[in-house]
Every structure is written in C-alpha cells, then in structure tokens.
Amino acid sequence: MSKRSDISEFDLINDYFADMTSQREDVALGIGDDAALLRVPQGMELAVSVDTLVAGVHFFPDISPSDLGHKVLAVNLSDLAAMGAEPAWATLALTLPGVDGVWIGEFCRGFSELAAHYDLQLVGGDTTSGPLSITVQVQGLLPMGMGLTRSGAQVGDDIYVTGTLGDAALALVCKRDGEDREDMPQLLGRLDRPIPRVEAGIALRGFASSAIDISDGLAADLGHILQSSGVGASVDLDRIPLSPSVAASLQESNDWSLIIAGGDDYELCFTLPPVHRDQVASISRRIGVTMTRIGLIDAQSDLRCLLPDGSLWSPEHTGYEHFSRSDGDN
Ligand code: ADP
Ligand code: MG
C-alpha cells in the first residue's frame, strides 16, 4: 500500500475531491472557493442533514475504505429519504490520521459510486488531520411543504417498514463474537453498505402521514414518531419482515431485541391511513422495495410490542444512545 505523507491539503483536494462527483447545473460554484453557491429551484425547499461517523464508535477501524465512503453518504441519504427529499448536494469534512493515497482513493470510490446513483454533487468540505472521523452534510430538494415529518401520525393509521430488520445488528454481533458463518458476506453488506430508501421516501410524499429512518432500532425510532405525533402504537412482532438469517437467529435465541433495538437498519418506518393500502402495494411493486404493515397507531400511550400469543414483549434497551449511562446505577 503506497503511503504519501508529503501531499499537501491543496493537492489532496485537487487530486481526490475536486472532480469526484458529477457536475449539476444547479451548482453555480462548487469546490475551490470559500463557499459553494447553489441554486434552489423556485417552489422547492431545501432539506438539510448532517451525520458524523467516528472510528471505533460507528464503524470497525478495519472497515474497507470504499465501504466507509459508501456508508457515510448512505446514512445521510437515509435521513433525506425519511423526509421524502431528492438528494442534490453534499459537503464532506474529513479528519484523517495521515495521508494514504490508496485509502483515500478507495474511500472516494465508495462515496462517488453512491453519489453517481443519485446524481449528487460534492460541492465542498474540509480536510484536517487527527483521529479518523468523517462528517457529511447532505442537501436535498422537496416541493414546498411536502416534507415527510415525524409529527403527522394519526390514530387509526397503519405502520409500515421497508425491507427487513435486524440484519446489520446480527452482523455486528457475529463480527464482535468472531463467529464465522456462511451468510456473513450478505450480513456484513447490510452493516457496511446500507441502501438508503430514497425512492421509497420520494414515492410516499403526499401519502405517508409521518416517516423516520430506522438508524437506532425500530422501537426507538418509531418511538420518536409517537412522541412527536402525540399518539401510541401496537406492533405485531410476527409481522416484522425478517431475512432468512435473522429469522433463523430468532428461532435459536428467541430474543427480539436484535430486531427491535439493534439499529443500523436504515430502512424507513412510516404511517398512513388504511385507505392508502392499495397505493402502498403499488408503490412497493413499482420501486421494487418491500413495504410491510406491522402495526397500528392508537390513542394509548407509548409503543406496545405484541408477541405471537398476544402477550406483551418489553425491550430492555430501546436503541443505541450516545452519552447514555448503561451501567444501571441511575
Ligand atoms: P478554507 O480555508 O477557505 O476553508 P479550504 O482550503 O479548507 O478552504 O478548502 C478549499 C476548497 O476545497 C473549499 O472549496 C472546500 O470546500 C474544498 N474542500 C476541502 N476539503 C474538502 C473535502 N474533504 N471534500 C470536498 N471539498 C473539500
Ligand atoms: Mg478549511
């Protein structure tokens, strides 16, 4: 692996970042000045979100740089998806322990391949030296007033999720325990290369009453919808869509916490009135993303997870929280 430590910040920007993504017509000025100049079309509003990934906290330090480049953009696009916004631009703040040309090249490849899929342009950033940490801010476009928020769920609405839940959490556990299994590549794919549900979010504009992306586990993230909307919900655990790997692991452990509170799924959870059920089925077919009805919004308090026999299952942990005290003495 070639290491160049002589490279300047200026060279780094020119060599790697300047032409990393496509050029959009709505970018009046991109990388190279003190700020980018961007044109928001009339009648549209801007959705803005930022996320940081820190080595050892959000990813294993041995993650491949191209997976990391993909993931840091994907987790941000997942937030835009949850708002129903169409990705447009991004900025990238990179803190690197050193300059390794091969590593940066691979990181840029992972980032730019995903960016190209959404015609997203990297328009600026910052490059500093220090412990590995990456911050991406994304900007997306929405027709005025059409954003999907957490606060619109109504009593009687159905609750849906896209895709399957628990795969990334299972990957994390297997990796941590050094378990070698046949399906590890697929599971690790869900952890390291999540697919943001951008098309689903856009298609649900005008139908969904609320939406959120599942980054901290279904219980925690659906909990945010319930709190913002001032409603409660029941979820039928046996309706939650599972991959064969997660279903097999559940059979063995009988522990739902991986699925309900595991996190890193980057699927969407959304609500809408039952009158839209056919619409959801046709959107799901059109974009090729499964959308499964898992529960109902009601007027009781909080979230109730129902086991197949109708009894209540209560999660010990509802999701990952930074700075939370987990030593149980509070
Ligand atoms: P300033 O000192 O004015 O903040 P910099 O020297 O940090 O400018 O950056 C010069 C240009 O390169 C700016 O347009 C900035 O947005 C861009 N840039 C710096 N680092 C990155 C990066 N990691 N990714 C994309 N653009 C970057
Ligand atoms: Mg700077």
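Indexing begins at 1, ligand by ligand and atom by atom, following the structure's order.
- Considering only heavy atoms from C-beta on, Leu268 stays 4.5 Å or farther from Ile214 through its side chain.
- Taking only nitrogen or oxygen atoms, main chain and side chain alike, Gly125 reaches within less than 3.5 Å of ligand 1.
- Among the candidates Leu148, Ile212, Thr162, Ile159, the single residue satisfying the side-chain contact (heavy atoms from CB on, under 4.5 Å) test with Phe270 is Thr162.
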Salt bridge (charged side-chain N to carboxylate O under 4.0 Å, His left out) between Asp264 and Lys71, worked out
CA-CA 10 Å; Asp264 259 356; Lys71 184 163 183 174; 3.2 Å; yes

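- The shortest N/O to N/O separation between Leu92 and ligand 1 falls below 3.5 Å.
- Close contacts between ligand 1 and Asp33 involve ligand atoms 13 (C), 14 (O) [criterion: under 4.0 Å to a heavy atom].
- Residue contact check: Gly124 has heavy atoms under 4.0 Å from atoms 16 (O), 24 (N), 25 (C), 26 (N), 27 (C) of ligand 1.
- Near Leu122, meaning under 4.0 Å from one of its heavy atoms, ligand 1 places the atoms 24 (N), 25 (C).
- The atoms of ligand 1 that sit less than 4.0 Å from any heavy atom of Ile31 are 12 (O), 14 (O), 17 (C), 25 (C), 26 (N).
- The closest donor-acceptor contact from the side chain of Thr271 to the backbone of Asp158 lies at 3.5 Å or more, if one exists at all.
- Those atoms of ligand 1 with a heavy atom of Asp34 less than 4.0 angstrom away are 3 (O).
- Of the residues listed (Ile13, Asp19, Val123, Thr21), the one engaging Ile31 in a side-chain contact (heavy atoms from CB on, under 4.5 Å) is Ile13, and it is the only one.
- Between the side chain of Asp100 and the main chain of Val102, a donor-acceptor pair closer than 3.5 Å is present.
- Under a 3.5 Å cut-off, the side chain of Ser78 and the backbone N or O of Glu267 do not form any donor-acceptor pair.
- Checked by distance only, ligand 1 and Gly32 come closer than 3.5 Å through their nitrogen or oxygen atoms.
- Counting heavy atoms closer than 4.0 Å to ligand 1, residue Thr127 contributes atoms from both its backbone and its side chain.
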